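A short worksheet on the structure shown next.
Scope of the values below: all heavy atoms of this structure, side chains included, with no hydrogens, waters or symmetry mates. Below, chain A is the first sequence line, B the second, and so on; all start at residue 1. None of the values given here were measured: they were computed from a predicted structure.
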Number of protein chains: 2
Amino acid sequence: MLLNIDEIAKLSGVSRTTVSRYLNGGYVGQEKKEKIKQVIEKTGYRPSSYAQTLRTNRTRQVGVILPKINSDSISEMVEGISSVLTKAGYFMLLANTANDENAELSYLDLFSRNKVDGIILIGTILTPAHKKAFEALSVPIVVAAQQAENTSCVYYDDYGAAKAVTELLLQKSKCPAYIGVREDDKAAGLERKRGFRAALSENGLIYRESYCTTASFNMQSGYERAEELFNHHKEIDALFCATDRIAAGAMLYLKQSGRRIPEDVKVAGVGDGKLCLLTTPTLTSAHLYYYECGSKSAEILLRHLSGDKIVQQIRLGFTVEKRQSTE
Amino acid sequence: MLLNIDEIAKLSGVSRTTVSRYLNGGYVGQEKKEKIKQVIEKTGYRPSSYAQTLRTNRTRQVGVILPKINSDSISEMVEGISSVLTKAGYFMLLANTANDENAELSYLDLFSRNKVDGIILIGTILTPAHKKAFEALSVPIVVAAQQAENTSCVYYDDYGAAKAVTELLLQKSKCPAYIGVREDDKAAGLERKRGFRAALSENGLIYRESYCTTASFNMQSGYERAEELFNHHKEIDALFCATDRIAAGAMLYLKQSGRRIPEDVKVAGVGDGKLCLLTTPTLTSAHLYYYECGSKSAEILLRHLSGDKIVQQIRLGFTVEKRQSTE
DNA sequence: CAGATTTGTGGAAACGATTCCACATAAAAA
DNA sequence: TTTTTATGTGGAATCGTTTCCACAAATCTG
């Protein structure tokens, strides 16, 4: 059975135009309104969103580009995005780049052309190519989790969070070390390291390159980097890690090598993921409001979609969650 | 600048028809082919997917309906789905039901009408209403993580996994208890409990209702249920939990109440999430191949999309990962 | 009471593609 | 040479909406 607007019009005894007006809230007489309503309910008619898009140029879809979905922080952000978009009647088109930078750029282009009304990009590494791509975009974009020039974004106070956590460590430590991540990730890499260094210098401690190392975003790597650090520097009495997962790996090494946490070495991370409560001892970390980052990003995008051109950059606060690993 | 197929046709000195054929691989002369290619490259033209859909009735989009995204198992499945769909040139439209059953049904209807070519439903609770909705669907569907009557699905051997893990516990236990989840979740609730009971009876042990309880899908709940169980039954020497997270909560209680794991109580879960390596001691669990469940679901859906009507039901195997909590 | 305004309706032209035809032309087969 | 086949091409209809426009009737102004 063919079920289009003409069919509904015929069954209701009105023109196609009137049905369309009924659907979009224009002038329609009371009786015709009733009749159309009945017909639509009986037939279960739903207008073709594709025809609507073709005519109006509005897709009611938002593209979400992300490096991977099975990550605590990212899935939490997506949950936040989803909650806001759903309420506003938008759907989420997911593009998983699997950490491939070129994929990211080509999705930007593809989405921008005709697939979506707006884009949320969960950023990891932003290159000059990204900046250029943003400018070429024909739909609004919001960057989440990284700061971006001249572009709306919602990001974390990575610097502040790292500094605060480090300061907490320094209350009972004289010789802290750092395990970070690649610095082309500005937020998790560069800013958190800056925070660590700032805390050191403000407390009159000298930053030493040899107490700092770089890991990948996983436990295994945290374990290995910790092993290296402590093999060379037995004097280290505190360890700040750029992510909780790295911290968990490091803790595993510490315990296996017979060190007590927090008595011999204090440990802290950033992110305050669920895993902080799973480790023994529980892990001190800075809470980063992933969900809120997602929902705020979506809210800003919605504002752009309704015509607001003003670029907004939101830096979210953090909370230090003190737990056993630094007691 | 207006950039549609007519514009390309004009610039290339051919008809709109020929451009369309160029795009879709029909008869086009060599010179015209070259010319069109040039023009498209220069202009950066990309056909409107919405116009294409309107005409051809193919959206190249797949709807994925899920209860929540920020869960280890589900985000892993989505990653699997995504990897297969992306390769096949499909996009993923995400619908997050936030565990609302009505939302699930209404998304099924909405998607089916005109939004997507096919649907993957990550199932938790399947009611008769679902069965009816599946039959009314106008696009193919694949159910992931639950078995579904007369419908293609990919699900886990929850029964077998639970039984195998329980049997492992029984090698060194005489008095095992069980913390499960709501049984209207057939897979994680009913089947895993069945597996537990089967292992008991095959080992000549009597199943006792008072050694079994039901928790929610989180740590907190696992902690509380464990507390209740052990308050009433000091004799329990092994604990099988329907999910890793519940097991982690239970372990927390056990340790806090001064019990040693595995010496006093052995513990095991199901799912083999990343958290199994984080707990102390590490947690024995059955690995459930979430990623593969997602990718297989997507593969079956693709087969349906290319015309294959045969219903396929795949039950995935499992692996028992022995760790310290049962040693 | 004439004119302006509000309220209600339908015809027809878009939006941007695909595809059924009809029709050429050139090469191969009879 | 004539007929068939393969190869190329364009015209026009179509998919299902929205929206501009013209117009009519009813209500409100002054």
**OP:** Consider only side-chain N and O atoms of B:Thr59 and B:Asp117, and report whether a donor and an acceptor are under 3.5 Å apart.
**Re:** yes

**OP:** Find the distance A:Gln52:CD to D:dT19:C1' and express it as a whole number of Å.
**Re:** 13 Å

Original post:
Over how many whole Å does the gap from B:Leu23 atom CG to C:dT19 atom P extend?
Top reply: 12 Å

Original post:
With respect to the side chain of A:Leu54, which nucleotide from C:dC15, D:dA13, D:dC15 is positioned closest?
Top reply: C:dC15

Original post:
For B:Tyr22 and C:dA17, is the shortest distance between a side-chain N/O and OP1 or OP2 below 4.0 Å?
Top reply: no

Subject >> Nearest-Å distance for atom pair OH/C1', residues B:Tyr45 and C:dG16 >> reply: 7 Å

Original post:
When you match B:Ser15 and A:Ser20 each to their closest nucleotide on DNA chain D, which lands nearer the 5' end?
Top reply: B:Ser15

Original post:
Any side-chain N or O of B:Asn24 less than 4.0 Å from the OP1 or OP2 oxygen of C:dT18?
Top reply: yes

**OP:** May I ask you to check whether B:Tyr290 and B:Tyr156 place their ring centers less than 6.0 Å from one another?
**Re:** yes

**OP:** Counting heavy atoms from C-beta on, name the nucleotide in D:dT9, D:dT17, D:dT19 closest to the side chain of B:Val28.
**Re:** D:dT9

Original post:
More 5' along DNA chain D: A:Ala51 or B:Gly29, using each one's nearest nucleotide?
Top reply: B:Gly29

Original post:
Side chain of B:Thr17, base of D:dG11: donor and acceptor closer than 3.5 Å?
Top reply: yes

Subject >> Parallel, tilted or perpendicular: rings of B:Phe111 and A:Phe91 (30°, 60°) >> reply: tilted

**OP:** Could you check which of D:dG10, D:dT17, D:dA12 has an atom nearest any side-chain atom of B:Arg21?
**Re:** D:dG10

Original post:
Given D:dT9, is OP1 or OP2 found less than 4.0 Å from the side-chain N or O atoms of B:Lys32?
Top reply: yes

Original post:
Nearest-Å distance, CD1 (B:Ile5) to C1' (C:dT18)?
Top reply: 8 Å

**OP:** Provide, to the nearest angstrom, the distance between the CG atom belonging to A:Asn57 and the C1' atom belonging to C:dG16.
**Re:** 10 Å

Original post:
Using a distance-only test with no angle check, is there a side-chain donor-acceptor pair under 3.5 angstrom linking A:Gln61 and B:Gln61?
Top reply: yes

Original post:
Has B:Tyr27 got a side-chain N or O lying under 4.0 Å from the OP1 or OP2 atom of D:dT7?
Top reply: yes

Subject >> Value in whole Å for how far the P atom of D:dT9 lies from CZ of B:Arg16 >> reply: 17 Å

Original post:
Separation of A:Asn114 atom CG from C:dC15 atom P, in whole Å?
Top reply: 16 Å

Original post:
Donor-acceptor pair under 3.5 Å: do we get one between B:Arg55's side chain and the base of D:dG16?
Top reply: no

Original post:
How long is the line joining OH of B:Tyr50 and P of D:dT14, in whole Å?
Top reply: 26 Å

Original post:
Is it true that the side chains of A:Gln312 and A:His304 contain a donor and an acceptor less than 3.5 Å apart?
Top reply: no

